[in-house]
Amino acid sequence: MKETFIKELVKADLNNPILIGGFPGLGLVGKIATRHLVKQLKAERFAYLYSPHFPYFVHVNKKGSVRLLRGTFYFWKNKNGKHDLIFFTGDSQAQTIEGQYEISNRILNFAKQYNVKLIVTIGGYRMEAKDKPKVIAAATSSELLNKALQAKAIISP
């Protein structure tokens with residue numbers, strides 16, 4: 001494999017989707033949270049992302065079958081709202097800066113095909129929790145940051 005690619009399993013018909021991404025990272029927070037949402041909403045798998053920038057090993061399941069490391073896209077149709085959801089999580093992050101950019105670019109191009117206008121990412125943040133853990137927000141616009149702050153998120157101390 002020479003470059004990152006996405007293998008679409010089915011073409012999803014989505015309405016104004018929002019992409020929620022959670023990579024494995026600090027404490028696996030992003031991956032665990034995203035997988036929890038996928039399971040709770042019974043989201044459907046619809047594409048895989050493969051990349052030469054993932055580590056050079058395979059995933060072995062409980063039955064002994066092996067597969068390449070990958071990222072997985074899921075979708076959820078929102079019957080009661082104006083936004084469907086696309087979830088993305090994976091087995092690993094890219095091992096180099098160049099790989100991170102290539103994978104991010106593929107994800108963004110894939111999201112563009114589905115007319116995604118908003119992307120939310122979930123991840124861990126190293127900080128000693130003295131009280132109840134908090135949600136820390138950062139955003140690319142003051143409008144988005146204000147929405148997060150109104151929902152009780154805080155800015156990094």
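The first residue in the sequence is number 1, and the count goes up from there.
Atom OH of Tyr101 is surrounded by 12 or fewer heavy atoms from other residues, nucleotides or ligands within 6.0 Å.
Closest heavy-atom contact between Gly21 and Thr34: C-OG1, 4.0 Å. Between Thr72 and Arg45, the shortest heavy-atom distance links the atoms CG2-CG, 3.6 Å. Nearest heavy-atom pair, Pro52 versus Glu3, reported as atom, atom and distance to 0.1 Å: CD-C, 3.5 Å. Residues Pro55 and Ser92 share a closest heavy-atom pair of CD-OG, 3.1 Å. The heavy-atom pair separating Arg35 from Thr89 by the smallest distance is CD-CG2, 3.8 Å. Scanning both residues, Gln100 and Ala94, for their nearest heavy atoms gives N-CB, 3.4 Å.
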For this session: Quick one: do Thr4 and Ser51 satisfy side chain to side chain donor-acceptor pair (under 3.5 Å)? Show the steps, please.
Result: CA-CA 4 Å; Thr4 302; Ser51 178; 2.7 Å; yes
For this session: With side chain to side chain contact (heavy atoms under 4.5 Å, CB included) as the test, would you mind laying out the steps for Leu68 and Met1 before giving the verdict?
Result: CA-CA 11 Å; Leu68 293 173; Met1 170 180 359; 3.9 Å; yes
For this session: Apply side chain to side chain contact (heavy atoms under 4.5 Å, CB included) to Leu85 and Asn78, showing your working.
Result: CA-CA 7 Å; Leu85 299 176; Asn78 185 355; over 6 Å; no
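Under a hydrophobic clustering in which Ile, Leu, Val, Met, Phe, Trp and Tyr are joined whenever their side-chain heavy atoms come within less than 4.5 Å, directly or via other members, Trp76 and Val120 fall into the same cluster. A continuous path of ILVMFWY side-chain contacts below 4.5 Å connects Phe54 to Ile107, so both sit in one hydrophobic cluster. Side-chain heavy atoms closer than 4.5 Å link hydrophobic residues (I, L, V, M, F, W, Y) into clusters, and following such links, even through other members, never connects Leu37 to Val135. Note on Phe88 and Val10: same hydrophobic cluster, where clusters join Ile, Leu, Val, Met, Phe, Trp and Tyr whose side-chain heavy atoms are under 4.5 Å apart, directly or indirectly. Linking Ile, Leu, Val, Met, Phe, Trp and Tyr residues whenever their side-chain heavy atoms come within less than 4.5 Å leaves Leu9 and Val38 in two separate clusters.
With a 4.5 Å cut-off on side-chain heavy atoms, Ile122 and Lys31 do not count as touching. Between Ile155 and Ile136 there is no side-chain heavy-atom pair separated by less than 4.5 Å.
Applying ring-ring contact (aromatic ring centres under 6.0 Å, His included) to Phe46 and the options Phe110, Tyr74, Phe87 leaves one that passes, Phe110.
For the atom pair His53 NE2 and Leu69 CG, the distance stands at 14.0 Å (nearest 0.5 Å). Rounded to the nearest 0.5 angstrom, Leu49 CG and Ile103 CD1 are separated by 6.0 Å. Interatomic distance, Tyr48 OH to Glu8 CD, rounded to the nearest 0.5 Å: 13.0 Å. In this structure, the separation between CD on Gln113 and CG on Leu108 is 11.5 Å, given to the nearest 0.5 Å. Here the CD1-CD1 distance, from Ile86 to Ile119, works out to 9.0 Å after rounding to the nearest 0.5 Å. Arg67 contributes atom CZ, which lies 7.5 Å from atom OH of Tyr50 (distance to the nearest 0.5 angstrom).
With hydrogens and angles disregarded, a donor-acceptor distance shorter than 3.5 Å links the side chain of Gln95 to the backbone of Gln93. With hydrogens and angles ignored, the 3.5 Å screen pairs no side-chain donor or acceptor of Ser65 with any backbone N or O of Asn61.
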Hey, can you pull the donor-acceptor pairs under 3.5 Å for the side chains in residues 141-153, sequence neighbours left out?
from: Ser141; atom 1: OG; to: Leu144; atom 2: N; distance (Å): 3.2
from: Asn146; atom 1: ND2; to: Ser142; atom 2: O; distance (Å): 3.2

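Both tests hold for Lys11 against Tyr114: distance to the six-membered ring centre under 6.0 Å, angle to the ring axis within 45°.
The salt bridge (Lys or Arg N to Asp or Glu O under 4.0 Å) pairs that include a residue from residues 70-85 are Lys77-Asp84, where partners are two or more places apart or lie in different chains.
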